[in-house]
Amino acid sequence: GLAHIQNLSFLVTAEQRFLNSPIGSYLGAVAYPNEFGTFGLTFNYFGIDAFNEQKIGFAYARQLFDNFSIGAQFDFLNTQIQDYGSTNAITFELGCLINILPDLTFGFHLYNPVQVELIEGESLPAVYKAGIGYQPSKKALVTIEVEKDIDYNARFRAGLEYQFLDTFFLRV
């Protein structure tokens, strides 16, 4: 999807889980499209002072044909545990989008396909996702996704989006 961004874009989100919990989740991202494709930078933080995880991602995406785009992201991962120290790892993600028909899109995403180890003997999961989006009208979108973590059974997800106003969507 990064390949289809047409203007310099920024995203900032913050979430504090369980209301008064000190656990925080923060994300910052920027996308810069130009004639060579779209470049992206993300920063994720999750946790508390005693335990936290960070991920910095450097992404590039490009539309190759009218109906086909690809993207890749290199991820720098850091985990810090109070009194135990920290560890780092580098991995990557790959994805593609194919517009099969004007109202039907197929997407595929791979995360950590080489199973990088964050600590000795403990690999990060390799996660594979594939999904289809069908837009029967300008205001409605139906999505279906299957996700497979190599250590667990496949998970299926489905979603429905309806746009009531220009800036108001209902998503289930």
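Here CD of Glu53 is found 11.5 Å from OG1 of Thr87. Values are rounded to the nearest 0.5 Å. Of the inter-residue distances, the one linking Ile100 atom CD1 with Asn67 atom CG reads 9.5 Å to the nearest 0.5 angstrom. Distance OG1/Thr143 to CG/Leu160: 8.0 Å, rounded to 0.5 Å. To the nearest 0.5 Å, the span separating CZ on Phe51 from CD1 on Ile23 amounts to 10.0 Å. The distance from the CG atom of Leu118 to the OG1 atom of Thr79 is 4.5 Å, given to the nearest 0.5 Å. Here the straight-line distance linking atom CD of Gln115 with atom CD1 of Ile150 works out to 3.0 Å at 0.5 Å rounding.
For residues 146-172, the pairs satisfying ring-ring contact (aromatic ring centres under 6.0 Å, His included) are Tyr162-Phe164, Phe164-Phe168, with sequence neighbours left out. Sorted by first and then second residue, the salt bridge (Lys or Arg N to Asp or Glu O under 4.0 Å) pairs with a member in residues 145-165 read Lys129-Glu147, Glu145-Arg157, Glu147-Arg155, Glu147-Arg157, Glu161-Arg171; sequence neighbours excluded. Note on residues 74-121: no pairs pass ring-ring contact (aromatic ring centres under 6.0 Å, His included), not counting sequence neighbours.
Taking each heavy atom of Glu117 and Ala89 in turn, the nearest pair found is O-CB, 4.1 Å. When all heavy atoms are compared, the tightest approach of Gln16 to Ser21 is NE2-O, 2.6 Å. Residues Asn7 and Ile5 come closest through the heavy atom pair O-CG2, 3.2 Å. What you find for Ala3 and Ser69 is that their closest heavy atoms are CB-CB, 3.8 Å. Nearest heavy atom pair, residue Gln73 against residue Lys55, reads NE2-CE, 3.9 Å. Among all heavy-atom pairs drawn from Ser25 and Phe46, the shortest one is CB-CD1, 4.0 Å.
Applying the side chain to side chain donor-acceptor pair (under 3.5 Å) rule to Asn78 yields the partners Gln80, Asn88; only residues at least two apart in sequence or on another chain are considered. Residues satisfying the side chain to side chain donor-acceptor pair (under 3.5 Å) test with Asn99, not counting sequence neighbours, are Thr105.
Both Val114 and Leu110 belong to a single network of hydrophobic side chains, linked directly or stepwise wherever heavy atoms of I, L, V, M, F, W or Y lie under 4.5 Å apart. Under the 4.5 Å side-chain heavy-atom criterion for ILVMFWY residues, a single connected hydrophobic cluster contains both Ile56 and Tyr45. Ile98 is connected to Leu101 through a chain of hydrophobic side-chain contacts under 4.5 Å among Ile, Leu, Val, Met, Phe, Trp and Tyr, so both are in one cluster. Leu64 and Tyr60 fall into different hydrophobic clusters, defined by Ile, Leu, Val, Met, Phe, Trp and Tyr side-chain heavy atoms under 4.5 Å apart, directly or through other members.
Side-chain atoms of Asn112 come within 3.5 Å of backbone N or O of Pro125 as a donor-acceptor pair.
The local environment of CD in Glu15 is crowded, with over 12 non-hydrogen atoms from other residues, nucleotides or ligands closer than 6.0 Å.
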Step by step, work out the side chain to side chain contact (heavy atoms under 4.5 Å, CB included) result for Ile132 and Leu104.
CA-CA 7 Å; Ile132 293 177; Leu104 186 65; 3.4 Å; yes

Which side-chain N or O atoms in residues 27-42 pair as donor and acceptor under 3.5 Å with protein atoms at least two apart or in another chain?
| residue | atom | partner | partner atom | Å |
| --- | --- | --- | --- | --- |
| Asn34 | OD1 | Phe36 | N | 2.7 |
| Asn34 | OD1 | Gly37 | N | 3.4 |
| Thr38 | OG1 | Leu2 | O | 3.3 |
| Thr42 | OG1 | Gly57 | N | 3.4 |

